[in-house]
There are 2 protein chains.
Amino acid sequence: MRISTRGEYGVRAMLDLALHHGQGPISLKTIAERQDISEHYLEQLIASLRKAGLVTSVRGAQGGYLLAKEPSEIRIGDIIRTLEGPIAPMECVEEDHDSCVKVERCATRVLWQKLQASMEKVLDNTTLACLCEETLRLKAKDDSFMYHI
Amino acid sequence: MRISTRGEYGVRAMLDLALHHGQGPISLKTIAERQDISEHYLEQLIASLRKAGLVTSVRGAQGGYLLAKEPSEIRIGDIIRTLEGPIAPMECVEEDHDSCVKVERCATRVLWQKLQASMEKVLDNTTLACLCEETLRLKAKDDSFMYHI
DNA sequence: AGAATTCCTAGGTACTTACTCGGGATTGAT
DNA sequence: ATCAATCCCGAGTAAGTACCTAGGAATTCT
C-alpha cells in the first residue's frame, strides 16, 4: 500500500523544479544534490516525465530541465500515474479490465472503486502550485521559530 | 500503489465467512475452493487474522473458522492493517516516525497525510456487513437479469 | 576545441511477493 | 482407541520489482 521511491522522488524533483520555475533550466545534478537522490536513478525517472510531456529538456552546457507547463497545471496525479502506473489499489479497477465472474468478488470491487476514487480526488486536486504555497508557509513558520530562540 | 494479494485474498476470505456467518465453522478447504485461493497460502493469511483476533478457529474434524465478532463490527481497515501493515502511502506518515529535516519534503508530507486520511476513511467506514449487503444487492440484480433472457 | 550536460542502453544486486512443501498437533466421529 | 479431518508452524523457492551502477554517444555553450 505504499507509493514507491519512483513516485516519491518524482514528486520531490518536480516540486524542486516548480520552486525554481522561471529561473532557466535546472541540471539533473543540482536536483539530485538538493533532493539527495541518486543522479543516475533520477535520470531514469525524469526520462519518463519527459516522455509524458511534464518536463522539457535543454541539452548541452548550461542545459537542464524545465517544467513543461505552469505549476498550477501539473497535478500530482499526473506525476504518480507517469511513474507508478494507474492509480488503482487493485487490478480489477484499472481501465478496460473485464469485470470478474463471481458476484461476491464484485462486492469487494465496489469497495476498491471507492478507495480508488478517494485517492484520485486527493492526488488530482493537488497541483505543484499548491505544494509551492505549502512550502512557503512551512518556511515562514520555520523562520519565526528560529527568531524565538 | 497496489494492495497485494494478502489484502485481497484476506478480504475475500473474511467476506466469505461473513456471508456464512451463523452456520458453524467453515473449513479452510471450503473457503479456498469457493474463493479460488491456494489452501496453504490462505492458511498463512488466516493465521495472521486469528492472531489479530478477527477470526476464531475450531480444531479437529468438522472444525474450521468463524468470525470473532459480528460482521458489522469488523472494518475492512482492520483486515488490511493486519495483512498489509499500516495504511500509509509513504513511510514518513506512519506512526512514530520522526519528521524529516527538509522543509520542502514536509510540504509533500502534508500531501501524503491527506492521501492517507482519505484512504483510511473509506476502509474504516466499510464493514463486512456493508459488503454482505452489497453482495445481496448484486445477487438480486443478477437474478433479475437472468429472468429477462 | 573543449567542457558541461542531456540522452540512451545494458546490467546487477538485494529485497519482496506469492506461493509450495513437509510435517506435527489437536480434536470429533466411529 | 483409532482414524481422518483440520488446524498449526517453519522453511524454502522462483519470479518479479526497486534501486542503483557503468559507460558512452549526442548536443550545445563558451
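In this text, all values refer to a predicted model and were calculated from it rather than measured experimentally. Letters go in sequence order (proteins before strands), and every chain restarts at 1.
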Hey, does the side chain of B/Tyr9 come within less than 4.0 Å of C/dA18's phosphate (OP1/OP2), counting only N and O?
-> no
In whole Å, what is the span from the CD atom of B/Glu91 to the C1' atom of C/dC15?
-> 14 Å
Distance from A/Glu8 atom CD to B/Glu91 atom CD, nearest 0.5 Å?
-> 8.5 Å
Closer to the 5' end of DNA chain C via nearest nucleotide, is it A/Ile46 or B/Thr5?
-> A/Ile46
Hey, could you give me the SG/CZ distance between A/Cys106 and B/Arg137, rounded to the nearest 0.5 Å?
-> 13.5 Å
How long is the line joining OH of A/Tyr41 and C1' of C/dG12, in whole Å?
-> 15 Å
With sequence neighbours left out, the residues meeting salt bridge (charged side-chain N to carboxylate O under 4.0 Å, His left out) with A/Glu84 are none
Can you check whether B/Arg2 has a side-chain N or O nearer than 4.0 Å to OP1 or OP2 of C/dA18?
-> no
First encountered from the 5' end of DNA chain D, between A/Ile37 and B/Ile26 = B/Ile26
Let me know the distance between CD of A/Glu8 and C1' of D/dA18, rounded to the nearest Å.
-> 13 Å
CG on A/Asp124 to CZ on A/Arg75, rounded to 0.5 Å | 4.0 Å
Find the distance A/Leu28:CG to D/dC20:P and express it as a whole number of Å.
-> 14 Å
Distance, nearest 0.5 Å, that separates CG of B/Leu42 from CZ of B/Arg6 = 11.0 Å
Can you give one letter per nucleotide of nucleotides 22-30 of chain C, 5' to 3': B if a protein heavy atom sits under 4.0 Å from the base, S if only from the sugar-phosphate, - if neither?
-> B--BBBSS-
Between A/Arg12 and A/Asp16, does a side chain to side chain contact (heavy atoms under 4.5 Å, CB included) hold up when you go through it step by step?
-> CA-CA 6 Å; A/Arg12 290 228 309 266; A/Asp16 192 293; over 6 Å; no
All side chain to side chain donor-acceptor pair (under 3.5 Å) counterparts of A/Arg50, not counting sequence neighbours | none
Verify the contact: side-chain N or O of B/Ser38 to OP1 or OP2 of C/dA18, cut-off strictly under 4.0 Å; return yes or no.
-> no
For A/Glu39 and D/dT21, give me the distance from atom CD to atom P, rounded to whole Å.
-> 11 Å
Give a yes/no on whether any side-chain N or O of B/Tyr65 is located under 4.0 angstrom from OP1 or OP2 of D/dC8.
-> yes
Is there a side-chain polar atom (N or O) of B/Arg50 under 4.0 Å from OP1 or OP2 of D/dT6?
-> no
B/Arg6 side-chain N/O to C/dT17 phosphate OP1/OP2 under 4.0 Å | no
Please give, in whole Å, the distance from C/dT5 P to A/Ile31 CD1?
-> 12 Å
Minimum-distance nucleotide (side-chain atoms of B/Ser57 versus D/dC8, D/dC20, C/dA18) | D/dC8
Say you draw a straight line from CE of A/Met14 to CG of A/Leu67; how long is it, rounded to the nearest 0.5 Å?
-> 5.5 Å
For the side chain of B/Ser27, counting heavy atoms from C-beta on, which of C/dT5, D/dC7, C/dC19 is nearest?
-> D/dC7
For the pair made of CD in B/Glu33 and C1' in D/dT6, what is the distance, rounded to whole Å?
-> 14 Å
How close or far is atom C1' of C/dT16 from atom CD of B/Gln44, stated in whole angstroms?
-> 14 Å
